[in-house]
Trainee: 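The structure is given below, and queries will be raised subsequently.
Both ligands and their constituent atoms are indexed starting at 1 by order of listing. What you see is a predicted model, and the numbers here were worked out from it, not measured in a lab.
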Amino acid sequence: MPTARRAKITALGTYVPSNVLTNQDLEKMVDTTDQWIQERTGIRERHIAAKGEAASDLAVGAVKSLLESHPFDLQEVDLIVVGTVTPDMMYPSTACLVQNKLGIKNTWGFDVSAGCSGFIFSLNVGVSFIESGACKKVLVIGSDVNSSMTDYTDRAVCIIFGDGAGAVLLEPAEEGEEGIIDHVAQVEGGGGQYLYMPGGGSLHPATHETVDQKMHYIHQDGQQVFKYAVKKMAEMTERVLAKNGKTGADVDCFIAHQANRRIISATADRLKMAPEKVVINIDRFGNTTAGTIPLAMNTAVQTGKLKKGDLLLLAAVGAGFTSGATLLRWAF
Ligand SMILES: CC(C)(COP(=O)(O)OP(=O)(O)OC[C@H]1O[C@@H](n2cnc3c(N)ncnc32)[C@H](O)[C@@H]1OP(=O)(O)O)[C@@H](O)C(=O)NCCC(=O)NCCS
């Protein structure tokens with residue numbers, strides 16, 4: 001019987017807008033301090049999109065950066081999956097806008113809404129299309145313009161979020177190559193009340209009242225999200241490792257969704273992971289939602305923490321609640 005084909009990541013690109021919002025800038029906007037933000041979150045600065053710069057623009061920027069390091073004919077792309085909760089508009093999907101901007105003629109695609117797990121969930125979807133044999137080249141993109149739904153008078157929220165995007169190319173692995181090994185994923189919708197944007201959907205369509213009541217902004221109960229994230233990040237990483245007969249000691253590089261440095265460190269401690277294996281770039285980018293994992297992959301490659309052949313563990317928890325962890329062998 002033929003063994004099921006595996007998928008692997010063969011290229012990576014990232015994009016962040018050029019505008020930088022520092023903690024010092026925020027000190028002038030809300031009652032906060034650089035020291036508080038750094039101690040409680042690990043963030044120093046974040047990138048913010050320019051007016052008119054939307055999720056599809058960041059996504060296209062990430063694909064163009066991918067093409068610079070790994071030139072190939074974009075017309076070969078079979079499928080575009082975009083993880084985002086800040087699409088350019090309600091519809092058409094960001095995937096359609098990306099397809100059009102890149103001029104890819106014979107492809108299809110769609111968006112995945114999974115909050116901060118958006119990149120991992122999109123990756124799972126892309127992997128399935130490679131494993132089934134339906135696709136040979138899949139672009140998986142995580143792109144979020146969080147500044148578009150951030151209330152810059154709410155100090156508990158505006159300090160956390162930034163804008164950014166990343167893209168990977170998925171292709172079939174060679175015979176015997178491990179590629180993307182396995183994933184676990186879960187949604188627990190009861191947690192939706194702790195992190196959500198209530199306005200603009202079919203429940204609360206936009207009106208003057210929804211704007212006055214700030215319903216088009218991120219609403220967050222930070223402590224509830226924090227507690228859930230610490231518990232669930234550990235649970236999901238342990239689950240995917242145990243499922244594959246591995247422990248934290250086998251992992252060469254750990255990339256967690258960059259929401260709060262304390263959440264990442266708590267998970268790494270639980271897995272008994274040496275700090276040098278843990279990738280942290282939240283200080284420079286803040287929480288870019290679906291952008292964090294590919295942005296952190298890029299940091300890991302550039303700093304030499306992630307090399308060809310390394311066992312890489314990815315993990316994320318996000319609005320929904322959503323959560324997931326993926327185990328893969330880095331292939332380039
Ligand atoms: C939001 C978050 C940074 C707040 O940190 P925290 O340590 O939990 O802080 P608390 O909410 O307990 O607030 C502690 C105090 O700091 C204050 N505070 C909140 N934001 C502040 C800020 N930016 N600057 C200064 N003080 C602030 C609070 O008002 C509170 O003051 P009080 O004790 O007088 O009431 C933290 O809860 C967090 O990171 N949560 C997870 C968020 C997340 O990951 N979201 C994305 C999910 S993927």
Trainee: Can you confirm, on distance only, whether ligand 1 has an N/O atom lying under 3.5 Å from any N/O atom belonging to Asn287?
Mentor: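 No; the residue has no nitrogen or oxygen that sits under 3.5 Å from a nitrogen or oxygen of the ligand.
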Trainee: Classify the contact between Ile160 and ligand 1 as side chain, backbone, both or neither, using a heavy-atom distance cut-off of under 4.0 Å.
Mentor: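 For Ile160, the contact with ligand 1 is made by the side chain alone.
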Trainee: Do any nitrogen or oxygen atoms of Thr33 lie less than 3.5 angstrom from nitrogen or oxygen atoms of ligand 1?
Mentor: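 The answer is no, given that Thr33 and ligand 1 share no N or O pair closer than 3.5 Å.
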Trainee: Protein heavy-atom contact under 4.0 Å for atom 34 (O) of ligand 1?
Mentor: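 For atom 34 (O) of ligand 1 the answer is no, since every protein heavy atom stays at 4.0 Å or beyond.
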Trainee: In ligand 1, which numbered atoms sit nearer than 4.0 Å to a non-hydrogen atom of Val317?
Mentor: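 Taking each heavy atom of Val317 in turn, ligand 1 has 48 (S) under 4.0 Å.
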Trainee: For Cys116, take its heavy atoms, then give the atoms of ligand 1 lying under 4.0 Å from any of them.
Mentor: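 Contacts of ligand 1 toward Cys116, numbered from 1: 48 (S).
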Trainee: Does Ala156 reach ligand 1, in the sense of a heavy atom lying below 4.0 Å from it?
Mentor: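 Yes, Ala156 has a heavy atom closer than 4.0 Å to ligand 1.
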Trainee: Protein heavy-atom contact under 4.0 Å for atom 30 (C) of ligand 1?
Mentor: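 False for atom 30 (C) of ligand 1.
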Trainee: Is ligand 1 under 4.0 Å from a heavy atom in the side chain of Leu195, in the backbone, in both, or in neither?
Mentor: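 Within the 4.0 Å criterion, Leu195 contacts ligand 1 through side-chain atoms alone.
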Trainee: If you measure every N/O of His257 against every N/O of ligand 1, is any gap under 3.5 Å?
Mentor: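 Not met; the criterion fails.
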Trainee: Quick check on atom 23 (N) of ligand 1 - does any protein heavy atom sit closer than 4.0 Å to it?
Mentor: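 Yes, because at least one protein heavy atom sits under 4.0 Å from atom 23 (N) of ligand 1.
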Trainee: Considering non-hydrogen atoms of the protein only, which is the closest contact for atom 39 (O) of ligand 1, and what is the distance?
Mentor: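 Scanning the protein heavy atoms, the shortest distance from atom 39 (O) of ligand 1 goes to Asn260 ND2, 2.7 Å.
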Trainee: Check for a donor-acceptor pair, side chain of Gln258 on one end and backbone N or O of Ala256 on the other, with a separation under 3.5 Å.
Mentor: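 At least one qualifying donor-acceptor pair exists.
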Trainee: Just by modelled atom types, is the Ser143 backbone N or O under 3.5 Å from a matching donor or acceptor in the Thr84 side chain?
Mentor: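 Checked: pair present.
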Trainee: I'd like to know if Asp31 and Arg155 make a salt bridge, using a cut-off of under 4.0 Å between side-chain N and carboxylate O.
Mentor: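 Between Arg155 and Asp31 there is a salt bridge, with a charged N closer than 4.0 Å to a carboxylate O.
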Trainee: Fit a plane to each ring of His219 and Tyr196, take the angle between them on a 0 to 90° scale, and name the class: parallel (under 30°), tilted (30 to 60°) or perpendicular (over 60°).
Mentor: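 His219 vs Tyr196 ring planes: tilted.
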Trainee: Would you call Lys8 and Glu177 a salt bridge, using N to O less than 4.0 angstrom?
Mentor: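 Between Glu177 and Lys8 there is a salt bridge, with a charged N closer than 4.0 Å to a carboxylate O.
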Trainee: Between Thr32 and ligand 1, is there a nitrogen or oxygen pair with a distance under 3.5 Å?
Mentor: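 Yes, there is a polar N/O contact under 3.5 Å.
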Trainee: Any N or O on Gly222 sitting closer than 3.5 Å to an N or O of ligand 1?
Mentor: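 In this structure, Gly222 places an N or O atom under 3.5 Å from an N or O of ligand 1.
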Trainee: Within the structure, does at least one protein heavy atom fall under 4.0 Å of atom 41 (C) of ligand 1?
Mentor: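 Protein heavy atom within 4.0 Å of atom 41 (C) of ligand 1: present.
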Trainee: What protein heavy atom sits nearest atom 17 (C) of ligand 1, and how far off is it?
Mentor: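 Closest protein heavy atom to atom 17 (C) of ligand 1: Arg155 NH2, 3.5 Å.
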Trainee: Considering the options Thr22, Asn19, Asn23, which one meets the side chain to side chain donor-acceptor pair (under 3.5 Å) requirement together with Arg46?
Mentor: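 For Arg46, the side chain to side chain donor-acceptor pair (under 3.5 Å) test succeeds with only one of Thr22, Asn19, Asn23, which is Asn23.
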Trainee: In plain terms, say whether Glu188 and Lys232 are close enough for a salt bridge, that is, a side-chain N and a carboxylate O under 4.0 Å apart.
Mentor: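 A salt bridge links Glu188 with Lys232.
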Trainee: Give me the residue, atom name and distance of the protein heavy atom closest to atom 18 (N) of ligand 1.
Mentor: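 Nearest protein contact, heavy atoms only, for atom 18 (N) of ligand 1 is Trp36 CZ2, 3.5 Å.
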Trainee: For residues 48-74, pull every pair meeting salt bridge (charged side-chain N to carboxylate O under 4.0 Å, His left out), keeping only residues two or more places apart or in separate chains.
Mentor: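 Only Asp57-Lys101 qualify under salt bridge (charged side-chain N to carboxylate O under 4.0 Å, His left out).
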Trainee: Quick one: nearest non-hydrogen protein atom to atom 45 (N) of ligand 1, plus distance?
Mentor: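 That would be Gln220 OE1, 2.8 Å.
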Trainee: Ignoring hydrogens and geometry, is there a side-chain-to-backbone donor-acceptor pair from Asp163 to Asn146 under 3.5 Å?
Mentor: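 It does hold such a pair.
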Trainee: Is it true that the side chains of Lys214 and Thr153 contain a donor and an acceptor less than 3.5 Å apart?
Mentor: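 Short answer, yes.
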Trainee: What are the atoms of ligand 1, with element, lying closer than 4.0 Å to any heavy atom of Arg40?
Mentor: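 Listed by number with element, the hits are 7 (O).
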Trainee: If you count the atoms of ligand 1 from 1 in the order shown, which ones are under 4.0 Å from a heavy atom of Thr41?
Mentor: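 Under 4.0 Å from Thr41, ligand 1 has these atoms: 3 (C).
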Trainee: Starting from atom 44 (O) of ligand 1, find the nearest protein heavy-atom neighbour and note its residue, name and distance.
Mentor: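 Its nearest protein heavy-atom neighbour is Ala259 CB, 3.3 Å.
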Trainee: Return the closest protein heavy atom for atom 10 (P) of ligand 1 as residue, atom name and distance.
Mentor: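 Sorting protein heavy atoms by distance from atom 10 (P) of ligand 1 puts Gln223 NE2, 3.5 Å first.
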Trainee: Would you confirm whether Thr207, through its side chain, and Thr210, through its main-chain N or O, come within 3.5 Å as a donor-acceptor pair?
Mentor: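 Present.
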Trainee: Under 4.0 Å from a heavy atom of Ile159: give me the atoms of ligand 1 that qualify, with their elements.
Mentor: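 Selected atoms, number and element: 23 (N).
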Trainee: Less than 4.0 Å from atom 5 (O) of ligand 1, is there any heavy atom belonging to the protein?
Mentor: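 Yes, there is one.
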Trainee: Any donor and acceptor pair, going by atom type alone, linking the side chain of Asn244 with main-chain N or O of Lys246 inside 3.5 Å?
Mentor: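 No, because the side chain of Asn244 does not come within donor-acceptor range (under 3.5 Å) of the backbone of Lys246.
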Trainee: Has the side chain of Thr107 got a donor or acceptor atom that lies under 3.5 Å from a matching backbone atom of Val77?
Mentor: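 Present.
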Trainee: State whether the side chain of Thr326 and the backbone N or O of His183 hold a donor-acceptor pair below 3.5 Å, judged by distance alone.
Mentor: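 No, the answer is negative, given that no donor and acceptor are paired below the 3.5 Å cut-off.
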